[in-house]
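Protein chains get the first letters and strands the later ones, always in sequence-line order, with residue 1 at the start of each.
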2 protein chains.
Amino acid sequence: MGCLAVHTRLADFENRCREKGLKITHQRLEIYRELLAATDHPSVEAVFQRVRKRIPTISIDTVYRTLALLEQSGMIHRIQTAEGPARYESDHGLHHHLICNRCHEVVDFNWESFDALAPPPAIKDWGLIQGKNIVITGICQQCCEQQLK
Amino acid sequence: MGCLAVHTRLADFENRCREKGLKITHQRLEIYRELLAATDHPSVEAVFQRVRKRIPTISIDTVYRTLALLEQSGMIHRIQTAEGPARYESDHGLHHHLICNRCHEVVDFNWESFDALAPPPAIKDWGLIQGKNIVITGICQQCCEQQLK
DNA sequence: ATGTATGCAAACGGTTTGCACGGTC
DNA sequence: GACCGTGCAAACCGTTTGCATACAT
């Protein structure tokens, strides 16, 4: 998943755009590339700052529009963060998130025994399921230590 | 949990406020009472509109401040909603949430086999865990039907 | 040539804040 | 009486939108 070469994933990206009739622009490619490279679940602002190094004239509106578009197309994911600005990640396999309430760092983790669990009967007749996330919140180790000082 | 009489829960509330040195005001009592009565995970605005019927002079700032305060004190919970305004619920036992991406309705559900699961080893050394939520998102039955029309 | 995507700037909605007054303890 | 909590108004931040231009197809 996350181990495919970047150029392969960019080629996939272009194909999926064509399938959906989305134009392949300079800006979209760089935004997607930046998200592929990122491991820190960046905010819109963070993606903007990074892409700006390659495309100094890009506007943050375009980053907002592009990230929303790619999320609607299922090519990237928006993280379930309750507070603060929206954060995104590329689609890199099944995993869940740990979120620090103090520094807002987001860390991936795996939980195979959960993934294997059958969905509870209660949700069967609710409707169409699109996302199933576990979000664990708390204070990360680093922030815990800083607090003691 | 949710089955205790309202006056008992309000008495508990007053006690917990005293323990924490929080003043027991008219506004705080009514905001908490409204959240106890609610089953729809109301937004700040919704709580404001309801409490306003009893206290017409209340301001929405107070509702914001009170809900944030009660959440920090662990007396109520803020729901993990990624998009849109913050939503709250009273502390009424272990459960999880279904969220409709179209109408934004939030529904509680239980998942005992998940609750019984041992936490994955990966999170052991992360830090202090405060919340462990499952958020299932999608389109509720009602919205699915409306879409077909 | 067509129509979508972009950049700019202005508007927007939810939320937070500074301040003086009012209420609780 | 001391001090926290409140209401008011203004500021704030992330995000969205209308518009004219630029670009991909």
* Return each pair, listed once, that meets side chain to side chain donor-acceptor pair (under 3.5 Å) where at least one residue sits in residues 123-136 of chain A; pairs must be two or more places apart or across chains. => A/Gln130-B/Asn101

* Asked: What are the two closest non-hydrogen atoms of A/Thr62 and A/Gln27, and how far apart are they?
  -> CG2-CB, 4.1 Å

* Atom CD1 of B/Ile31 and atom C1' of D/dG7: how far apart are they, to the nearest Å? -> 13 Å

* Structure fact -> Rounded to whole Å, the CD1-P distance (B/Ile60 to D/dA9) equals 14 Å

* To do: Go through D/dT15, C/dT16, C/dG7 for me and flag the one nearest to the A/Gln27 side chain.
  => C/dG7

* Give the nucleotide from the list D/dT6, D/dG14, C/dT16 with an atom nearest to the side chain of B/Tyr64. => C/dT16

* **Shortest side-chain distance from B/Pro85, nucleotide among D/dT15, D/dT6, C/dG14** => C/dG14

* Any donor-acceptor N or O pair under 3.5 Å, side chains B/His97, B/Glu89 -> yes

* Would you please classify the geometry between the A/Phe114 ring and the A/His96 ring as parallel, tilted or perpendicular, with 30° and 60° separating the classes? => perpendicular

* When we call it a touch if two heavy atoms are under 4.0 Å apart, what does A/Ser43 touch: a base, just sugar-phosphate, or nothing? -> nothing

* Structure fact -> Closest to the side chain of B/Ser59, out of D/dG5, D/dG7, C/dG7, is D/dG7

* Proximity to the side chain of B/Arg65 - top-ranked nucleotide from C/dT17, C/dC8, C/dT15 -> C/dT17

* **Lys/Arg-Asp/Glu bridge criterion (N-O < 4.0 Å) met for A/Arg16, A/Glu19** => no

* Output the single nucleotide from D/dT15, C/dT6, C/dA9 whose closest atom is nearest the side chain of A/Asp61. => C/dA9

Close N or O pairs between protein and nucleotides 22-25 of chain D (under 3.5 Å):
unit_1 : atom_1 : unit_2  : atom_2 : d
D/dT25 : OP1    : A/Ile24 : N      : 3.4

